[in-house]
Protein chains: 2
Amino acid sequence: MDEVVNVHRHVLEHNDATAKQNRADFDEAGVRVVNLMSAPGAGKTSLLERALPMLAGVRVGVLEGDVQSSLDADRMRALDVPVSLVNTDVTFAGECHLDAAMVRSGLVDLPLADLDLLVVENVGNLVCPAEFTIGEHRRAMVFSVTEGEEKPLKYPLMFRTCDLVVVNKMDLLPHLDFDLDLFLDNLDAVHPDVPHQLLSARTGEGVRCFAAWLSETAGA
Amino acid sequence: MDEVVNVHRHVLEHNDATAKQNRADFDEAGVRVVNLMSAPGAGKTSLLERALPMLAGVRVGVLEGDVQSSLDADRMRALDVPVSLVNTDVTFAGECHLDAAMVRSGLVDLPLADLDLLVVENVGNLVCPAEFTIGEHRRAMVFSVTEGEEKPLKYPLMFRTCDLVVVNKMDLLPHLDFDLDLFLDNLDAVHPDVPHQLLSARTGEGVRCFAAWLSETAGA
(Lines give C-alpha, C1' and ligand atoms only; values in the text may rest on other atoms or scores of the structure.)
Protein backbone atom coordinates (compact mmCIF):
# COMPACT_ATOMS: atom_id res chain seq x y z
CA MET A 1 0.00 0.00 0.00
CA ASP A 2 2.93 2.34 0.58
CA GLU A 3 3.55 2.29 -3.14
CA VAL A 4 -0.02 3.39 -3.85
CA VAL A 5 0.13 6.17 -1.27
CA ASN A 6 3.47 7.43 -2.59
CA VAL A 7 2.31 7.49 -6.21
CA HIS A 8 -0.78 9.30 -5.01
CA ARG A 9 1.28 11.94 -3.18
CA HIS A 10 3.58 12.40 -6.15
CA VAL A 11 0.62 12.89 -8.47
CA LEU A 12 -0.94 15.49 -6.17
CA GLU A 13 2.31 17.47 -5.78
CA HIS A 14 2.81 17.50 -9.53
CA ASN A 15 -0.78 18.67 -9.89
CA ASP A 16 -0.33 21.56 -7.48
CA ALA A 17 2.53 22.97 -9.55
CA THR A 18 0.45 22.93 -12.74
CA ALA A 19 -2.54 24.40 -10.90
CA LYS A 20 -0.34 27.35 -9.90
CA GLN A 21 0.56 27.94 -13.54
CA ASN A 22 -3.12 27.83 -14.48
CA ARG A 23 -3.99 30.28 -11.71
CA ALA A 24 -1.30 32.69 -12.83
CA ASP A 25 -2.66 32.56 -16.39
CA PHE A 26 -6.21 33.09 -15.18
CA ASP A 27 -5.20 36.10 -13.11
CA GLU A 28 -3.15 37.60 -15.91
CA ALA A 29 -6.11 37.24 -18.27
CA GLY A 30 -8.45 38.72 -15.66
CA VAL A 31 -10.76 35.72 -15.70
CA ARG A 32 -12.26 34.17 -12.59
CA VAL A 33 -12.67 30.41 -12.55
CA VAL A 34 -15.27 28.18 -10.94
CA ASN A 35 -14.72 24.43 -10.55
CA LEU A 36 -18.21 22.87 -10.70
CA MET A 37 -18.41 19.34 -9.33
CA SER A 38 -21.03 16.70 -8.52
CA ALA A 39 -21.97 13.05 -8.72
CA PRO A 40 -23.05 11.87 -12.19
CA GLY A 41 -26.52 13.06 -13.09
CA ALA A 42 -26.88 15.62 -10.30
CA GLY A 43 -27.70 18.29 -12.89
CA LYS A 44 -24.59 20.43 -13.49
CA THR A 45 -25.24 20.83 -17.22
CA SER A 46 -28.96 21.52 -16.79
CA LEU A 47 -28.15 24.12 -14.14
CA LEU A 48 -25.68 25.88 -16.45
CA GLU A 49 -28.22 25.83 -19.30
CA ARG A 50 -30.61 27.75 -17.05
CA ALA A 51 -28.14 30.02 -15.27
CA LEU A 52 -25.68 31.19 -17.94
CA PRO A 53 -28.30 33.06 -20.01
CA MET A 54 -29.15 35.00 -16.82
CA LEU A 55 -25.63 36.45 -16.58
CA ALA A 56 -26.08 40.00 -17.82
CA GLY A 57 -22.81 41.68 -18.71
CA VAL A 58 -20.61 38.72 -17.80
CA ARG A 59 -18.53 37.20 -20.58
CA VAL A 60 -18.58 33.50 -19.73
CA GLY A 61 -16.86 30.44 -21.16
CA VAL A 62 -17.15 26.76 -20.29
CA LEU A 63 -14.58 23.98 -20.10
CA GLU A 64 -16.33 20.61 -20.22
CA GLY A 65 -14.74 17.52 -18.69
CA ASP A 66 -16.17 14.13 -19.57
CA VAL A 67 -14.81 10.62 -19.80
CA GLN A 68 -16.35 10.27 -23.23
CA SER A 69 -18.79 12.00 -25.63
CA SER A 70 -19.41 15.65 -26.53
CA LEU A 71 -23.01 15.61 -25.29
CA ASP A 72 -22.58 18.21 -22.54
CA ALA A 73 -20.24 20.35 -24.62
CA ASP A 74 -22.84 20.42 -27.40
CA ARG A 75 -25.48 21.63 -24.93
CA MET A 76 -23.15 24.44 -23.83
CA ARG A 77 -22.28 25.41 -27.41
CA ALA A 78 -26.01 25.81 -28.03
CA LEU A 79 -25.86 28.68 -25.49
CA ASP A 80 -23.50 30.47 -27.84
CA VAL A 81 -20.60 30.68 -25.38
CA PRO A 82 -16.98 29.60 -25.99
CA VAL A 83 -16.63 25.94 -25.05
CA SER A 84 -13.60 23.69 -24.71
CA LEU A 85 -14.04 19.93 -24.36
CA VAL A 86 -11.61 17.63 -22.54
CA ASN A 87 -12.42 13.92 -22.92
CA THR A 88 -10.38 12.05 -20.35
CA ASP A 89 -10.50 8.76 -22.25
CA VAL A 90 -8.60 10.09 -25.25
CA THR A 91 -5.25 11.08 -23.76
CA PHE A 92 -5.75 10.67 -20.03
CA ALA A 93 -6.39 6.94 -19.49
CA GLY A 94 -10.11 7.44 -18.87
CA GLU A 95 -9.47 9.38 -15.67
CA CYS A 96 -12.48 9.97 -13.42
CA HIS A 97 -11.71 13.63 -12.77
CA LEU A 98 -10.08 16.70 -14.25
CA ASP A 99 -6.66 17.60 -12.97
CA ALA A 100 -4.70 20.80 -13.55
CA ALA A 101 -2.87 19.43 -16.61
CA MET A 102 -6.07 18.30 -18.30
CA VAL A 103 -7.61 21.72 -17.72
CA ARG A 104 -4.43 23.32 -19.07
CA SER A 105 -4.70 21.25 -22.23
CA GLY A 106 -8.23 22.57 -22.71
CA LEU A 107 -7.34 26.23 -22.17
CA VAL A 108 -5.77 26.58 -25.62
CA ASP A 109 -9.26 26.43 -27.16
CA LEU A 110 -10.59 29.31 -25.07
CA PRO A 111 -10.19 33.09 -25.52
CA LEU A 112 -9.22 33.62 -21.88
CA ALA A 113 -8.49 37.34 -22.18
CA ASP A 114 -11.99 37.94 -23.54
CA LEU A 115 -13.73 36.20 -20.62
CA ASP A 116 -14.80 37.39 -17.17
CA LEU A 117 -15.79 33.95 -15.94
CA LEU A 118 -14.77 30.41 -16.84
CA VAL A 119 -16.91 27.58 -15.53
CA VAL A 120 -15.14 24.22 -15.49
CA GLU A 121 -17.71 21.43 -15.46
CA ASN A 122 -15.83 18.55 -13.92
CA VAL A 123 -16.37 14.82 -14.54
CA GLY A 124 -19.40 13.50 -12.65
CA ASN A 125 -17.85 11.87 -9.58
CA LEU A 126 -18.22 12.58 -5.84
CA VAL A 127 -14.69 11.47 -4.93
CA CYS A 128 -11.60 12.31 -6.99
CA PRO A 129 -12.44 15.70 -8.54
CA ALA A 130 -12.27 17.18 -5.02
CA GLU A 131 -8.66 15.99 -4.61
CA PHE A 132 -7.31 17.94 -7.55
CA THR A 133 -7.09 21.70 -7.55
CA ILE A 134 -7.13 23.06 -11.09
CA GLY A 135 -6.17 26.62 -10.20
CA GLU A 136 -9.79 27.65 -9.62
CA HIS A 137 -10.83 30.67 -7.55
CA ARG A 138 -13.96 29.04 -6.23
CA ARG A 139 -15.50 25.59 -6.02
CA ALA A 140 -19.19 24.84 -6.19
CA MET A 141 -20.87 21.47 -6.02
CA VAL A 142 -24.30 20.35 -7.12
CA PHE A 143 -26.02 17.83 -4.89
CA SER A 144 -29.26 16.17 -5.92
CA VAL A 145 -31.89 15.38 -3.29
CA THR A 146 -32.29 11.97 -4.97
CA GLU A 147 -28.83 10.97 -3.70
CA GLY A 148 -29.72 10.57 -0.01
CA GLU A 149 -29.11 12.53 3.19
CA GLU A 150 -25.94 10.70 4.24
CA LYS A 151 -23.73 11.68 1.31
CA PRO A 152 -21.75 14.41 3.17
CA LEU A 153 -20.72 11.77 5.73
CA LYS A 154 -19.76 9.16 3.13
CA TYR A 155 -17.96 11.52 0.71
CA PRO A 156 -16.81 14.36 2.98
CA LEU A 157 -13.95 15.82 0.93
CA MET A 158 -16.01 17.44 -1.82
CA PHE A 159 -18.59 18.83 0.61
CA ARG A 160 -15.77 20.10 2.84
CA THR A 161 -13.72 21.85 0.15
CA CYS A 162 -16.41 23.71 -1.75
CA ASP A 163 -17.52 27.32 -1.37
CA LEU A 164 -21.14 26.68 -2.30
CA VAL A 165 -23.45 23.66 -2.17
CA VAL A 166 -26.31 23.78 -4.68
CA VAL A 167 -29.13 21.46 -3.62
CA ASN A 168 -30.84 20.54 -6.89
CA LYS A 169 -34.03 18.67 -7.95
CA MET A 170 -36.03 20.30 -5.17
CA ASP A 171 -39.13 19.76 -7.34
CA LEU A 172 -38.83 16.01 -6.57
CA LEU A 173 -38.91 16.47 -2.79
CA PRO A 174 -42.64 15.61 -2.41
CA HIS A 175 -41.97 12.26 -4.12
CA LEU A 176 -38.95 11.20 -2.03
CA ASP A 177 -38.30 10.06 1.54
CA PHE A 178 -35.48 12.62 1.64
CA ASP A 179 -35.14 14.51 4.94
CA LEU A 180 -33.78 17.95 4.03
CA ASP A 181 -33.08 18.96 7.64
CA LEU A 182 -31.05 15.81 8.21
CA PHE A 183 -29.05 16.47 5.04
CA LEU A 184 -28.32 20.04 6.14
CA ASP A 185 -27.26 18.74 9.57
CA ASN A 186 -24.90 16.27 7.89
CA LEU A 187 -23.55 19.04 5.66
CA ASP A 188 -23.02 21.23 8.71
CA ALA A 189 -21.14 18.39 10.42
CA VAL A 190 -18.52 18.18 7.67
CA HIS A 191 -18.47 21.85 6.55
CA PRO A 192 -20.00 24.24 9.09
CA ASP A 193 -21.50 27.43 7.65
CA VAL A 194 -20.88 26.63 3.98
CA PRO A 195 -23.51 28.54 1.97
CA HIS A 196 -26.17 26.45 0.24
CA GLN A 197 -28.89 27.19 -2.29
CA LEU A 198 -32.11 25.20 -2.77
CA LEU A 199 -33.26 25.11 -6.40
CA SER A 200 -34.58 23.12 -9.32
CA ALA A 201 -32.74 23.31 -12.62
CA ARG A 202 -35.76 21.57 -14.17
CA THR A 203 -38.39 24.13 -13.16
CA GLY A 204 -35.96 27.03 -12.88
CA GLU A 205 -37.04 27.84 -9.34
CA GLY A 206 -34.15 29.32 -7.36
CA VAL A 207 -31.70 29.31 -10.28
CA ARG A 208 -31.46 33.11 -10.26
CA CYS A 209 -29.68 32.82 -6.91
CA PHE A 210 -27.00 30.60 -8.46
CA ALA A 211 -26.66 33.01 -11.39
CA ALA A 212 -26.13 35.80 -8.86
CA TRP A 213 -23.38 33.78 -7.16
CA LEU A 214 -21.67 33.30 -10.54
CA SER A 215 -21.94 37.03 -11.28
CA GLU A 216 -20.48 37.91 -7.91
CA THR A 217 -17.66 35.41 -8.47
CA ALA A 218 -16.91 37.07 -11.80
CA GLY A 219 -16.67 40.39 -9.96
CA ALA A 220 -19.59 41.83 -11.92
CA MET B 1 1.02 11.84 -19.90
CA ASP B 2 3.01 8.69 -20.71
CA GLU B 3 3.93 8.48 -17.06
CA VAL B 4 0.30 8.55 -16.00
CA VAL B 5 -0.67 5.91 -18.56
CA ASN B 6 2.23 3.64 -17.53
CA VAL B 7 1.43 3.88 -13.83
CA HIS B 8 -2.17 3.15 -14.73
CA ARG B 9 -1.21 0.02 -16.70
CA HIS B 10 1.08 -1.19 -13.94
CA VAL B 11 -1.68 -0.76 -11.36
CA LEU B 12 -4.18 -2.70 -13.50
CA GLU B 13 -1.75 -5.58 -14.14
CA HIS B 14 -0.98 -5.84 -10.45
CA ASN B 15 -4.70 -5.83 -9.76
CA ASP B 16 -5.39 -8.68 -12.19
CA ALA B 17 -2.94 -10.94 -10.35
CA THR B 18 -4.62 -10.31 -6.99
CA ALA B 19 -8.07 -10.75 -8.54
CA LYS B 20 -7.01 -14.22 -9.71
CA GLN B 21 -6.02 -15.11 -6.15
CA ASN B 22 -9.39 -13.88 -4.89
CA ARG B 23 -11.21 -15.90 -7.54
CA ALA B 24 -9.33 -19.05 -6.62
CA ASP B 25 -10.26 -18.56 -2.96
CA PHE B 26 -13.91 -17.93 -3.86
CA ASP B 27 -14.05 -21.08 -5.97
CA GLU B 28 -12.34 -23.18 -3.34
CA ALA B 29 -14.82 -21.95 -0.72
CA GLY B 30 -17.73 -22.59 -3.10
CA VAL B 31 -18.98 -19.01 -2.91
CA ARG B 32 -20.19 -17.03 -5.90
CA VAL B 33 -19.40 -13.33 -5.94
CA VAL B 34 -21.30 -10.36 -7.35
CA ASN B 35 -19.64 -6.98 -7.83
CA LEU B 36 -22.43 -4.42 -7.39
CA MET B 37 -21.65 -0.97 -8.78
CA SER B 38 -23.37 2.37 -9.39
CA ALA B 39 -23.10 6.13 -9.14
CA PRO B 40 -23.45 7.55 -5.61
CA GLY B 41 -27.04 7.47 -4.40
CA ALA B 42 -28.41 5.18 -7.12
CA GLY B 43 -29.78 2.87 -4.43
CA LYS B 44 -27.46 -0.14 -4.08
CA THR B 45 -27.88 -0.37 -0.30
CA SER B 46 -31.65 0.12 -0.40
CA LEU B 47 -31.93 -2.56 -3.07
CA LEU B 48 -29.94 -5.04 -0.96
CA GLU B 49 -32.08 -4.22 2.08
CA ARG B 50 -35.11 -5.28 0.08
CA ALA B 51 -33.65 -8.17 -1.88
CA LEU B 52 -31.46 -10.09 0.57
CA PRO B 53 -34.35 -11.10 2.89
CA MET B 54 -36.05 -12.61 -0.19
CA LEU B 55 -33.20 -15.09 -0.73
CA ALA B 56 -34.62 -18.35 0.60
CA GLY B 57 -31.98 -21.00 1.22
CA VAL B 58 -29.05 -18.83 0.09
CA ARG B 59 -26.37 -18.08 2.66
CA VAL B 60 -25.32 -14.54 1.78
CA GLY B 61 -22.60 -12.19 3.00
CA VAL B 62 -21.80 -8.59 2.10
CA LEU B 63 -18.53 -6.75 1.66
CA GLU B 64 -19.11 -3.00 1.89
CA GLY B 65 -16.78 -0.53 0.19
CA ASP B 66 -17.00 3.12 1.16
CA VAL B 67 -14.59 6.03 1.22
CA GLN B 68 -15.65 6.80 4.77
CA SER B 69 -18.27 5.86 7.41
CA SER B 70 -19.93 2.57 8.39
CA LEU B 71 -23.44 3.76 7.48
CA ASP B 72 -24.08 1.19 4.74
CA ALA B 73 -22.35 -1.60 6.62
CA ASP B 74 -24.60 -0.91 9.63
CA ARG B 75 -27.68 -1.20 7.41
CA MET B 76 -26.45 -4.56 6.14
CA ARG B 77 -25.62 -5.83 9.65
CA ALA B 78 -29.22 -5.05 10.59
CA LEU B 79 -30.19 -7.78 8.09
CA ASP B 80 -28.31 -10.25 10.26
CA VAL B 81 -25.86 -11.32 7.54
CA PRO B 82 -22.05 -11.43 7.81
CA VAL B 83 -20.64 -8.05 6.80
CA SER B 84 -17.10 -6.85 6.17
CA LEU B 85 -16.38 -3.13 5.81
CA VAL B 86 -13.52 -1.67 3.76
CA ASN B 87 -13.09 2.09 4.16
CA THR B 88 -10.80 3.29 1.41
CA ASP B 89 -9.73 6.42 3.28
CA VAL B 90 -8.06 4.50 6.09
CA THR B 91 -5.34 2.54 4.30
CA PHE B 92 -6.03 3.15 0.63
CA ALA B 93 -5.52 6.89 0.13
CA GLY B 94 -9.25 7.60 -0.16
CA GLU B 95 -9.52 5.61 -3.38
CA CYS B 96 -12.75 6.04 -5.34
CA HIS B 97 -13.23 2.32 -6.02
CA LEU B 98 -12.51 -1.12 -4.64
CA ASP B 99 -9.66 -3.04 -6.21
CA ALA B 100 -8.76 -6.69 -5.76
CA ALA B 101 -6.33 -6.01 -2.90
CA MET B 102 -8.87 -3.97 -0.94
CA VAL B 103 -11.43 -6.73 -1.34
CA ARG B 104 -8.81 -9.26 -0.26
CA SER B 105 -8.14 -7.25 2.90
CA GLY B 106 -11.87 -7.42 3.70
CA LEU B 107 -12.22 -11.17 3.13
CA VAL B 108 -10.53 -12.05 6.44
CA ASP B 109 -13.65 -10.84 8.26
CA LEU B 110 -15.99 -13.13 6.32
CA PRO B 111 -16.76 -16.87 6.80
CA LEU B 112 -16.33 -17.60 3.08
CA ALA B 113 -16.77 -21.38 3.37
CA ASP B 114 -20.16 -20.88 5.04
CA LEU B 115 -21.52 -18.63 2.26
CA ASP B 116 -23.19 -19.38 -1.07
CA LEU B 117 -23.16 -15.79 -2.25
CA LEU B 118 -21.01 -12.75 -1.49
CA VAL B 119 -22.25 -9.36 -2.65
CA VAL B 120 -19.53 -6.72 -2.87
CA GLU B 121 -21.10 -3.28 -2.70
CA ASN B 122 -18.55 -1.10 -4.45
CA VAL B 123 -17.86 2.61 -3.82
CA GLY B 124 -20.47 4.82 -5.46
CA ASN B 125 -18.77 5.94 -8.68
CA LEU B 126 -19.66 5.44 -12.35
CA VAL B 127 -16.05 5.41 -13.59
CA CYS B 128 -13.22 3.63 -11.80
CA PRO B 129 -14.92 0.65 -10.14
CA ALA B 130 -15.53 -0.76 -13.63
CA GLU B 131 -11.79 -0.75 -14.39
CA PHE B 132 -10.86 -3.07 -11.54
CA THR B 133 -11.83 -6.73 -11.53
CA ILE B 134 -11.98 -8.04 -7.98
CA GLY B 135 -12.27 -11.72 -8.88
CA GLU B 136 -16.07 -11.57 -9.13
CA HIS B 137 -18.17 -14.09 -11.08
CA ARG B 138 -20.75 -11.52 -12.15
CA ARG B 139 -21.14 -7.76 -12.27
CA ALA B 140 -24.38 -5.90 -11.77
CA MET B 141 -24.93 -2.17 -11.84
CA VAL B 142 -27.72 -0.05 -10.46
CA PHE B 143 -28.76 2.91 -12.57
CA SER B 144 -31.23 5.49 -11.25
CA VAL B 145 -33.68 7.10 -13.66
CA THR B 146 -32.86 10.44 -12.00
CA GLU B 147 -29.37 10.32 -13.58
CA GLY B 148 -30.42 11.04 -17.17
CA GLU B 149 -30.73 9.04 -20.39
CA GLU B 150 -27.25 9.80 -21.74
CA LYS B 151 -25.20 8.13 -19.01
CA PRO B 152 -24.35 4.94 -21.00
CA LEU B 153 -22.78 7.17 -23.67
CA LYS B 154 -20.82 9.30 -21.19
CA TYR B 155 -19.64 6.48 -18.92
CA PRO B 156 -19.65 3.45 -21.25
CA LEU B 157 -17.23 1.14 -19.44
CA MET B 158 -19.44 0.19 -16.50
CA PHE B 159 -22.51 -0.28 -18.69
CA ARG B 160 -20.44 -2.33 -21.13
CA THR B 161 -18.80 -4.67 -18.61
CA CYS B 162 -21.77 -5.63 -16.45
CA ASP B 163 -23.98 -8.70 -16.70
CA LEU B 164 -27.13 -6.99 -15.46
CA VAL B 165 -28.38 -3.40 -15.42
CA VAL B 166 -30.91 -2.65 -12.68
CA VAL B 167 -32.95 0.46 -13.50
CA ASN B 168 -33.99 1.82 -10.11
CA LYS B 169 -36.33 4.56 -8.79
CA MET B 170 -38.97 3.69 -11.37
CA ASP B 171 -41.54 5.14 -8.93
CA LEU B 172 -40.16 8.61 -9.78
CA LEU B 173 -40.71 8.26 -13.53
CA PRO B 174 -43.99 10.26 -13.59
CA HIS B 175 -42.16 13.21 -11.99
CA LEU B 176 -39.16 13.29 -14.36
CA ASP B 177 -38.49 14.22 -17.97
CA PHE B 178 -36.65 10.91 -18.29
CA ASP B 179 -37.19 9.07 -21.59
CA LEU B 180 -36.90 5.36 -20.75
CA ASP B 181 -36.88 4.24 -24.40
CA LEU B 182 -34.03 6.60 -25.18
CA PHE B 183 -32.06 5.30 -22.19
CA LEU B 184 -32.59 1.70 -23.31
CA ASP B 185 -31.50 2.64 -26.84
CA ASN B 186 -28.32 4.23 -25.40
CA LEU B 187 -27.72 1.14 -23.27
CA ASP B 188 -28.18 -1.06 -26.33
CA ALA B 189 -25.66 1.08 -28.23
CA VAL B 190 -22.87 0.42 -25.71
CA HIS B 191 -23.88 -3.10 -24.57
CA PRO B 192 -26.29 -4.84 -26.93
CA ASP B 193 -28.59 -7.43 -25.33
CA VAL B 194 -27.41 -6.92 -21.73
CA PRO B 195 -30.34 -7.94 -19.48
CA HIS B 196 -32.05 -5.16 -17.55
CA GLN B 197 -34.64 -5.04 -14.78
CA LEU B 198 -37.00 -2.15 -14.03
CA LEU B 199 -37.74 -1.77 -10.33
CA SER B 200 -38.12 0.49 -7.32
CA ALA B 201 -36.15 -0.31 -4.20
CA ARG B 202 -38.32 2.25 -2.41
CA THR B 203 -41.71 0.66 -3.15
CA GLY B 204 -40.34 -2.86 -3.60
CA GLU B 205 -41.93 -3.25 -7.02
CA GLY B 206 -39.83 -5.51 -9.24
CA VAL B 207 -37.25 -6.31 -6.54
CA ARG B 208 -38.23 -10.01 -6.54
CA CYS B 209 -36.74 -10.21 -10.03
CA PHE B 210 -33.37 -8.97 -8.76
CA ALA B 211 -33.52 -11.42 -5.84
CA ALA B 212 -34.14 -14.21 -8.38
CA TRP B 213 -31.05 -13.10 -10.32
CA LEU B 214 -28.97 -13.24 -7.12
CA SER B 215 -30.33 -16.71 -6.30
CA GLU B 216 -29.55 -17.94 -9.77
CA THR B 217 -26.04 -16.46 -9.52
CA ALA B 218 -25.56 -18.33 -6.23
CA GLY B 219 -26.54 -21.53 -8.03
CA ALA B 220 -29.57 -22.02 -5.78
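Below, all heavy atoms of this structure are taken into account, side chains as well, without hydrogens, waters or symmetry copies.
Using non-hydrogen atoms only and a strict 4.5 Å limit, no part of residues 179-201 of chain B faces chain A. For residues 135-145 of chain B, an interface with chain A (any heavy-atom pair closer than 4.5 Å) does not exist. Inspection of non-hydrogen atoms places B:A39, B:P40, B:G41 of residues 37-52 of chain B under 4.5 Å from chain A.
The greatest number of non-hydrogen atom pairs below 4.5 Å with chain B, out of A:L126, A:D177, A:L153, A:L71, is found for A:D177. Ranked by heavy-atom pairs under 4.5 Å with chain A, the list B:N87, B:L172, B:T88, B:L157 is led by B:L172. With chain B as partner, the option from A:H97, A:E147, A:E150 having the largest number of non-hydrogen pairs under 4.5 angstrom is A:E147. No other option in B:P156, B:C128, B:G148 has as many heavy-atom pairs under 4.5 Å with chain A as B:P156.
Residues satisfying the side chain to side chain donor-acceptor pair (under 3.5 Å) criterion with A:K154, sequence neighbours excluded, are B:D72.
Within 6.0 Å of CD on A:E205 lie no more than 12 heavy atoms contributed by other residues, nucleotides or ligands.
Of the inter-residue distances, the one linking A:H175 atom NE2 with B:K169 atom NZ reads 14.0 Å to the nearest 0.5 angstrom.
Within the 4.5 angstrom heavy-atom criterion, atoms from both the backbone and the side chain of B:L176 approach chain A.
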